Student: 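Have a look at this one before I ask anything.
Please read all numbers here as calculations on a predicted model, not as lab measurements. As the structure lists them, so they are numbered: ligands from 1, and atoms in each ligand from 1.
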Amino acid sequence: MTTTNALPIKTTCPYCGVGCGVVIEYDSANNIRVKGDPEHPANLGRLCSKGSALAETLGLDGRLLAPEIAGIPASWDQALDHVAAQFRNTIAEHGPDSVAFYVSGQLLTEDYYVANKLMKGYIGSGNIDTNSRLCMSSSVAGHKRAFGEDIVPGCYQDFEMAELIVLVGSNLAWCHPVLFQRIAAAKQNNPRLKVVSIDPRRTASCDIADLHLALKPGTDVLLFNGLLHALRKHGQLDFAYLEQHVSGFAAALDAAKVTGASLPETASACGLKEEDLSRFYHWFGRTEKTVTAWSQGVNQSSSGSDKVNAIINVHLATGRIGKPGMGPFSLTGQPNAMGGREVGGLANQLAAHMDFDSPGHWDIVSTFWKAPNLARRPGFKAVDLFNAVADGRIKALWIIATNPVVSLPDVRHVRRALGACPFVVVSDCEDNTDLKAYAHVRLPALGWGEKDGTVTNSERRISRQRSFLPAPGEARPDWWALTQVAHRMGFEQAFAYQHPQQIFVEFARLSGYRNDGMRLFNLSGLQNLDVPAYNTLQPIQWPIKQPNGRGCRRLFHDGLFSHDDSKARMLALTPQPAGNPTCAAFPFVLNTGRIRDQWHTMTRTARSPRLNQHMSEPYAELHPDDAEHAGLKDGELAHLKSRWGDALARVRVSADQQRGSVFMPMHWSDRFARHGLVNALVNPVVDPASGEPEFKHTPVSIEVYRPAWHGFAIAREALSIDAAEYCAQQRGDGYFLYELAGNTLIADTAGWAKPALCRTGHEYLEYADMTAGRYRCATLHNNILMACLFISCGRQLPDRAWLIGLLTTETTLTSTARMAVLAGKSPVAREDPGRIVCACYSIGANTLSKAIREFGYSSTEQLGQALNAGTGCGSCLPELRTLLENTRRSL
Ligand code: SF4
């Protein structure tokens, strides 16, 4: 692979909000290798499984490399002229609020800044929102209510200095793995450090937890109100701090007393044992150095903002904020969700932490941008934005670096809305996404390794994301495409950018413009960076007010907040029920979230064979009692329904789920699993303060899915199998595996199987036993296996690993092997390695369990020495420990 610059180059991982630094270099075979940057303060050399596999996700197959209008390749000039004309005409006819941008936490800060400036400053509408609305807008709302500004006060070091870490609604081990590794290491070094996990599910993060509070879904405010009252009752409030630095505490304490006065009642309402809740309250009360960290389990709720404020309340009440080893800490999901918040990418913000409703802010932004047409009011938040598309208020929409037809709740409604929208522009680096069908114009964007700019991680640290690959085909930076459209709309002067450095320094200047200490967000110390200084910018935490400033680890250490009176606010909170309660027809609470080795809609991570091995299909995880009651067995397919839609998923039975709850991952799109789209189920209820959807609580039913047949296909090339109602695709090393299930009669199989699998000139072997309900076929080229398909009316199917082995070698098949393939039986007994646990070394659960049983291994270190398991990135260590425990318990 050709690079643009001499390697090594330092850049950042494009996945989660930990924001790890990576080094790009060549290995001994001259291939690109990605390793953790030992000097980056976020990760100090560590990487998780996703970061370690970044090199496997490079490559141009499946990339969108040229602009298209109505599916036909076009020049950039044609596409940009068309986009600008459509937006201009729509605005002329229907006004600026008839157009919108929907952008993404995947964008670099420079892209984000230009998009926001164009929509709010020059088009004159607030209609730009971002997919960050779906993951952390409740934290933004909570921060602003409490602090007067959207600020994460602490830094990652605080986790290592703390003596109590409370994880609320956060499966850190899978969603922010490197931060989890830092905490695990800190716990080993400091036996006094306790970890509490507050989560309805027992997740991999509980591996290091001293206490797991499996609270009833949605009862977080009740639990923290109870804590606030307990702190008061036991004299553990810091009244001196409250008097001096906080307002609203009397009302907040009174409200906490209303719902949290009785420990037994609070425990019962939260579904917890009284002694467990009491232990947590006790630990919290006695431990000054406490960090409470949360993520989507808190945010993605119809009362997510209240949950955030309930957490912040207890930190303000104890004065535990802005000091080493303590504070409330919102963990950002996406790599640059923070950067988007800073530039004003959310519809209810202006820019640089300025708001529509704060006196003077409109004037500051308008004057700085020389934009007399600056929007006067907030635009539509994500769910409302697509409602406005559905009812025709939005007539032209530009979607950049996100896939709302997979990621939004009630996604069928979103698809109908986009299908009826008169003009949809899609900027993406991927060609084949579920969104493709809805685009009138597609613009090819740069991907990771090609883009150049900055990102901000969860601890306010700005890092450079540097390019090391040339722009492929005609792909261009998103900021460039936006700038070119701005020019064609008549705004050349305000968008005269030639380099991301010019955008960054303008943004830095805006942050300091007429600031006078009113806004803590301030990058004015970076406003004079020239290109070489921008290119060599080292990771730094804002605010940065002085040139050559060293940044700022913690904020609010002086007790001064961003509200006009410099005081923080505690909120009086009343617990709210979920937007839609369960009922007899839909008795389970569906909770959606991430898995360890995939990112978002899998367009990048599913390119990596080893990342695909950890969880290869969409699944629904439920408690053994619920599974038994519903007649569901592990490994079967289940049909889930809600008032909004339905989906199919593989059943996983696990006592880690609490009764009455079902967990499904968020990642699978139609492209990777037909009928596996979890957001077809999810209710579109939002938090009234933040607009964040309630992804964690949708009432659903679940029952056995009984197809006419089950099957799988394995092929060297990607296949198109339309005949199966369920079709989950997994890319492996040199092959594609399709897990299938269908309702059509098995007798019809031959009719679709041959066209789907057999290429011209290939030999086609088949075996059909319709009485027994079996169909098997294989295609060969020069006696080498190219593809095979196995269909059965039962669930007994041949060993996939054996067939993959045959298919991924160039061995010609002997007559015995040909017979064996058609018989679906390996001539040699083989052991199934099981589901892959260690992605770095491809070690399966069965292999590990066998080793534990046979050799008596009792620690992850022993498994590492014997099998290498867990010795790569370390992301699988929590699962290894659970497997060890379970296997040893069964001995
Ligand atoms: S924790 Fe993993 S996914 Fe997140 S930034 Fe670091 S390497 Fe990337």
Student: Does Asp733 have more than 12 heavy atoms from other residues, nucleotides or ligands lying within 6.0 Å of its CG?
Tutor: no
Student: Looking at residues at least two apart in the chain, or sitting in another chain, which of them share a side chain to side chain contact (heavy atoms under 4.5 Å, CB included) with Gln598?
Tutor: Ile595, Met602, Thr605, Ala606, Asn612, His667
Student: List the residues meeting side chain to side chain contact (heavy atoms under 4.5 Å, CB included) with Ser669, not counting sequence neighbours, and say none if there are none.
Tutor: Val406, Asp434, Arg671, Phe672
Student: Sequence neighbours excluded, which residues qualify as side chain to side chain contact (heavy atoms under 4.5 Å, CB included) partners of Ser137?
Tutor: Arg133, Ser690, Glu692
Student: To the nearest 0.5 angstrom, please state how far the CG atom of Leu331 sits from the CD atom of Glu459.
Tutor: 10.5 Å
Student: Anything with a heavy atom under 4.0 Å from ligand 1 counts, so go ahead and list those protein residues by chain and number.
Tutor: Cys13, Tyr15, Cys16, Gly19, Cys20, Leu47, Cys48, Lys50, Gly51, Pro177, Val178
Student: Looking at every non-hydrogen atom in both residues, tell me the closest pair between Asn171 and Ala204 and how far apart they are.
Tutor: OD1-N, 3.8 Å
